[in-house]
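A quick write-up on the structure given underneath.
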Amino acid sequence: MPDPLTRRWNSVSLRTKITTVTVLLVTLGLLVAGVGTMTVLRNYLLDEVDAKIAATAVSLEGQRDTCETSGPNDYFIAVVDSEGALVCTNEHQDPPPVVSEVTADDIRNSTGEAFTLWDSTRTTQWRVVVVPAMDVDSGAPLGLIVGLNLNDTNQIISRYAGIFLGFGLSVVLLGYALTRLLVTSTFAPLRQVEATAAAIAEGNFSERMPGATPNTEVGRLNGSLNTMLVRIDKALGDRAKTIEQMRRFVGDASHELRTPLVSVRGYAELYRMGALTKPEDVAQAMQRIEKEAIRMGGLVEDLLELARIDEAKPVTRTPVDLVPIAYDAALDTMASSPDRTVSVVFTEPEPLPDSTDLDDEIDDDELVQAGRSGGSGARRMAFASSQLNRLRSRRMRPVSDDVAEQTAPVRGHVTSMDTPAIVLGEENKIRQVVTNLLGNAIRFTPAGSPIEIGVSVDLAERVALLDIVDHGEGIPQQIRDKIFQRFWRADTSRTRETGGSGLGLAIVSGIVAAHDGSVDVLETPGGGATFRVVLPLLPDGWVAPPSPAPR
């Protein structure tokens, strides 16, 4: 657990920390520089004093009576015996040094080096040197002490210390002010970041970090935070949208399931209460229960398909030719709706030839047969050869002779495409897309209205196009961006016979998106709607991935 000092330091703002540390470093540097300079200066001045007193001691050493010698007035001169007792001294106006601190050992072992003594009041320092001497009368050993007070030296050191202290304090204060100003101006963008973050924390997710120079740390931080905020804002928007869609999805699904369940429950209660006494009433009730069960089963299958699409599992992709899928879907549709004429139409991306060239290459019988598809120009060229030649080695569902006449628009004269419409995808899923789109066209077009399935290739975009063309009332422009939403229907009724459940086109959109494609609705010339599915073509040089080894 951190101690109180650490907690207090951690509670200090970053600006204060930087300013404090900077000022402390400046102060420490000035302190080291001042002490070091004063030490060097004092040693230099003491060396000069030592040289002066040493020279004076040498000049007095050979005189007969040193005490009576009139030396310089500012020098202190004294003679002590071998025991350190004062013999004589010159008169000096300043308080003399305490000579008694000089011992006999100092006299005997004197090396001529100077040392410092205090006066009796300890207000003045003296720099003294002791040199051995001898009494000329008795020959007894003596000690000659020569000293010079350090008032001038100490005054110089004191004056220098005062000057340095004044300049040092000025530098520290100026450094503090400049550091504080620099840190404050540098951290100004951080205060803006703090304010923006507080606004975002209050729920204003549209706020962004203010601009700063990109080559600075704060600028790069702002850029990174803005990128993060954009992604978070998008994620929150997607989350809110997903939650709203899920709520609507659950509500619509519950409504869809509740209606048949109410019907089943009602008929079951009628039967339990004995209200259904006649066999025909029971049979009618069982028929209604069966229809509602089939309706619920289809709805549950659609919901399960959407759930699988939402799992975003990778699609098992293999080369898929759209032409056989278009033929099979046309045959299935005409088998379930005999009153419909479903034609498969091909177009090529190359420029269209002149009409005169077309007339020369197509005879009258071909034109009559191709005219049944409702096409013209290059579309009529799509019916220039037989279906068997078109399919060649491709698999085709066999058609019996009994339905040969009914399927003439499909099995009649068609042409092979110069560029095969082969995409990379899961065949069953693509078949489901075509089936759902055809079912949607049948549901919302008048009975007997023809339907065309167009297959083409756009080499410039490297995509294959699959069009489901009907000739009904069409889809208004204002609702075209809504029809692929789940449970959305142009017909607001909840009966599957008219409006359906509103999941078919949502399944189409999910499957196409899983194949990296797109689906859109266009207006059919002359009236109607055209659903266009765009899928990427099989890449050149595609090689099938190796099959996983059996376990």
Side-chain angles (χ1 to χ4, degrees), residues 1-45 154-247 312:
M1 185 176 181
D3 53 29
L5 183 60
T6 303
R7 290 197 301 269
R8 186 173 182 180
W9 174 254
N10 292 334
S11 63
V12 177
S13 66
L14 183 59
R15 288 178 297 168
T16 303
K17 287 180 180 179
I18 294 178
T19 303
T20 302
V21 171
T22 303
V23 171
L24 287 178
L25 291 176
V26 172
T27 304
L28 181 61
L30 290 175
L31 184 61
V32 172
V35 172
T37 304
M38 284 191 294
T39 302
V40 173
L41 178 61
R42 181 177 178 82
N43 292 336
Y44 173 76
L45 296 176
N154 290 336
Q155 287 178 1
I156 293 175
I157 298 298
S158 299
R159 184 173 297 178
Y160 172 80
I163 295 173
F164 184 84
L165 181 61
F167 278 102
L169 289 176
S170 301
V171 170
V172 170
L173 294 177
L174 182 61
Y176 172 82
L178 292 178
T179 303
R180 188 70 176 182
L181 179 62
L182 179 61
V183 171
T184 301
S185 61
T186 303
F187 283 3
L190 288 182
R191 292 200 301 272
Q192 297 177 345
V193 171
E194 179 183 358
T196 304
I200 294 173
E202 294 176 357
N204 188 5
F205 299 106
S206 62
E207 289 287 338
R208 292 295 179 267
M209 300 300 170
T213 306
N215 59 347
T216 63
E217 292 79 2
V218 177
R220 290 191 292 269
L221 175 63
N222 287 359
S224 301
L225 290 178
N226 284 335
T227 302
M228 180 187 69
L229 289 174
V230 169
R231 294 181 179 178
I232 292 177
D233 194 14
K234 183 177 182 300
L236 291 176
D238 294 342
R239 179 175 176 269
K241 183 178 179 181
T242 301
I243 292 176
E244 181 63 26
Q245 290 179 346
M246 184 60 65
R247 290 175 179 172

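No side-chain heavy atom of Ile156 sits less than 4.5 Å from a side-chain heavy atom of Arg42. Between Arg7 and Pro4, some side-chain heavy-atom pair lies under the 4.5 Å cut-off. Using a 4.5 Å heavy-atom cutoff, the side chains of Leu178 and Leu182 are not in contact.
Residue Thr37 comes nearest to Tyr160 through the heavy atom pair CG2-OH, 2.6 Å, listed as atom of the first residue, atom of the second, then distance.
None of Leu24, Ile18, Leu25 except one satisfies the side-chain contact (heavy atoms from CB on, under 4.5 Å) rule with Val21; the exception is Leu25.
In this structure, the separation between NZ on Lys234 and CG on Asp238 is 4.0 Å, given to the nearest 0.5 Å. Between Thr27 atom OG1 and Leu169 atom CG the span is 8.5 Å, to the nearest 0.5 Å.
Thr19 places no side-chain N or O within 3.5 Å of a backbone atom of Thr16 that could act as its donor or acceptor partner. Looking at Asp233, its side chain never comes within 3.5 Å of a backbone N or O of Leu229 through a donor-acceptor pair.
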